[in-house]
Protein chains: 2
Amino acid sequence: MYIASEHTAHFTRKHAPSDGANCLRDLFSKQPVEHRSGNRSLFLEGDEAAHVFQVVEGTLRIFKIISDGRRVITGFLYAGDIVGISLGKRYLYSADAVSSTTVRRLTRNQFDSGIDESPRLRTEVSALVSDEMAAAQDQMVLLSCKSAEERMCSFLLKLLKKSELLGERRLSIELPMSRQDIADYLGLTIETVSRTITKLINKRVLRIENAVARHSISVERPVLLAQLAGDDDDCSDMRHDLVVQGSQRRH
Amino acid sequence: MYIASEHTAHFTRKHAPSDGANCLRDLFSKQPVEHRSGNRSLFLEGDEAAHVFQVVEGTLRIFKIISDGRRVITGFLYAGDIVGISLGKRYLYSADAVSSTTVRRLTRNQFDSGIDESPRLRTEVSALVSDEMAAAQDQMVLLSCKSAEERMCSFLLKLLKKSELLGERRLSIELPMSRQDIADYLGLTIETVSRTITKLINKRVLRIENAVARHSISVERPVLLAQLAGDDDDCSDMRHDLVVQGSQRRH
DNA sequence: GGGCCGAAGTTACAACCTGTTACAATTGGA
DNA sequence: TCCAATTGTAACAGGTTGTAACTTCGGCCC
């Protein structure tokens, strides 16, 4: 199972103790780094889940190919994230590098025996799996009933928050993946992604950095972006009052 | 976290040993059964994850309420399934009963100490979590790029397979949930669900049982149903050849 | 350096699916 | 029986997609 960044990647870094294997990061630290270019995949859906990977640098793409050849990207992984904690025997999805990427790997046995020794690591793994599940749920909500614009804004907002966590001061987003990748992740077509970005630029929400063409975007109005994303954190305020039967219309 | 039925529920039943706590089912067996009618929920999203539940009979509904009041159902749970193995501190979603339902419950502590004692139970929990993740991935694929008809057929096919596992001989499906529930689960509107079912009846794929109105459906042409569902198990055959960049159109 | 070429991205327009709205039909309980 | 809730049907509108252009970018060769 891949790990859905956010809190977790952050978490992994923050609690870094001196040595031993007090956090998952330490487990990987002695492994050699491997380099991956765009086309060779780390593993394929259905392969025996022999390894667990940690992203050192770059971006990974987690995806499934369905019967008619279409691709569904179920997640992206960034530096610090861990992938392959698939508790089953086989990977549930394929993984390859979006751009030039370096990873470390542990065999399943190394990983399992590593976490067996330490209750602390077990807790960390549990937290990672839980985060991954939460990310999957959020993605289901996004795909269930958000418009193209809401999806695009949610996606950008997530990237923005991530770059803020990493200590970026400017409101700029690096998009290592292609428009096609974004489309396959958000359940849209490449044209809709393009059109939506253009619309957001016209609304003065975004601005294209002249630098690296269209893979660097600056956010002019982050507040508007958050509003357009439309996920006010699933309204954990208005809970106990209305757990009514039907939902409103519009999907 | 809820557990996504299929193999798992089956698994839980099959390996039932004599006594002790050799499988998760045994952990629950001594707990008293509780009855739930439609409106009182088991727990709400954001609540402290204090309990783990096992469905004894009936059907549960797992859902989130988003900011504008819409409801997204992320899963249904049937007899034998386990819900609430949320490894985090709080539930990721709400749960209530679709129809009259009975459950057993363990406190988080009871559950945790139960599985801590037995490596076998830990393995079982891992498998359940893995299955849950697989179900979430499948749902993402469904919501990403399937048409209304494909979604409806996938849903019915899943229920059909479940009833076959339980030893049903006739090709009939019981739908305990309402059309609105199905709509919120498949990311459609109630009208589209209605239209699609009507279309499938006209195609002689389905037939309405005159009995319990529209909550009992018989499948006339299961093969066609499977074809229309369009998930040829994510084409695990055509793997190693084309892991190409872009996907085809149509989402 | 200049020009050709392909890949990636953008834009325009028509077509289609689904959501919206409104109303009818059926069911089940008061 | 009436009434309310659920479900089914139909016409319409709207957003997203599909198709097909065009533009931009980057690499390659001369």
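Residue numbering restarts at 1 for every chain, and letters A, B, ... go by the order of the sequence lines. Treat the numbers as computed from the prediction; the structure is a model and nothing was measured.
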Based on the rotation axes of five pairs at each end, what angle does the helix from dG1(C)-dC30(D) to dA30(C)-dT1(D) bend through, to 10°?
30°

To the nearest Å, how far apart are Lys146(A) NZ and dT16(D) C1'?
18 Å

Asp184(A) CG - dA8(C) P separation (whole Å)
13 Å

Check ion pair Arg40(A)-Glu34(A) (N to O, under 4.0 angstrom)
no

Take atom CZ of Arg70(B) and atom P of dG19(C), then tell me their distance rounded to the nearest Å.
11 Å

CG of Leu188(A) versus P of dG9(C): gap in Å, rounded?
15 Å

Whether Arg204(B) and Glu220(B) form a salt bridge (side-chain N of Lys/Arg under 4.0 Å from carboxylate O of Asp/Glu) is what I want to check.
no

Centroid separation Tyr185(B) to Phe76(B) less than 6.0 Å:
yes

If the threshold is 4.0 Å, N to carboxylate O, is there a salt bridge linking Asp181(B) and Arg61(B)?
yes

Reference residue Ser100(A); test side-chain hydrogen bond (donor to acceptor under 3.5 Å, both in side chains); the match among Glu57(A), His35(A), Arg36(A)
His35(A)

Hey, are Asp68(B) and Lys146(A) close enough for a salt bridge, meaning a charged N less than 4.0 Å from a carboxylate O?
no

Contact residues, residues 193-201 of chain B to DNA chain D [heavy atom, < 4.0 Å]:
Ser194(B), Arg195(B), Thr198(B)

Between CG of Leu175(A) and P of dT10(C) the distance, given in whole Å, is 10 Å

Of all the nucleotides listed (dT17(D), dT11(C), dG19(C)), which has the minimum atom distance to the side chain of Glu191(A)?
dT11(C)

Over how many whole Å does the gap from Ile190(A) atom CD1 to dA12(C) atom P extend?
17 Å

Using a strict cut-off of less than 4.0 Å between a Lys/Arg side-chain nitrogen and an Asp/Glu carboxylate oxygen, indicate whether Lys158(B) and Asp138(B) qualify as a salt bridge.
no

Under the salt bridge (Lys or Arg N to Asp or Glu O under 4.0 Å) test against Asp184(A), which residue among Arg71(A), Arg70(A), Lys64(A) passes?
Arg71(A)

His215(A) side chain N/O closer than 4.0 Å to the phosphate oxygens (OP1, OP2) of dG9(C)?
yes

Once side chain to side chain contact (heavy atoms under 4.5 Å, CB included) is applied, do any residues pair with Ala229(A), and if so which ones, sequence neighbours excluded?
Cys153(A), Ser154(A), Leu157(A), Asp231(A)

Rounded to the Å, how far apart are Leu186(B) CG and dG19(C) P?
11 Å

Just how far, in rounded Å, is P of dT23(D) from CD1 of Ile208(A)?
19 Å

Under 4.0 Å from OP1 or OP2 of dT18(C): is there any side-chain N or O of Thr192(B) that close?
no

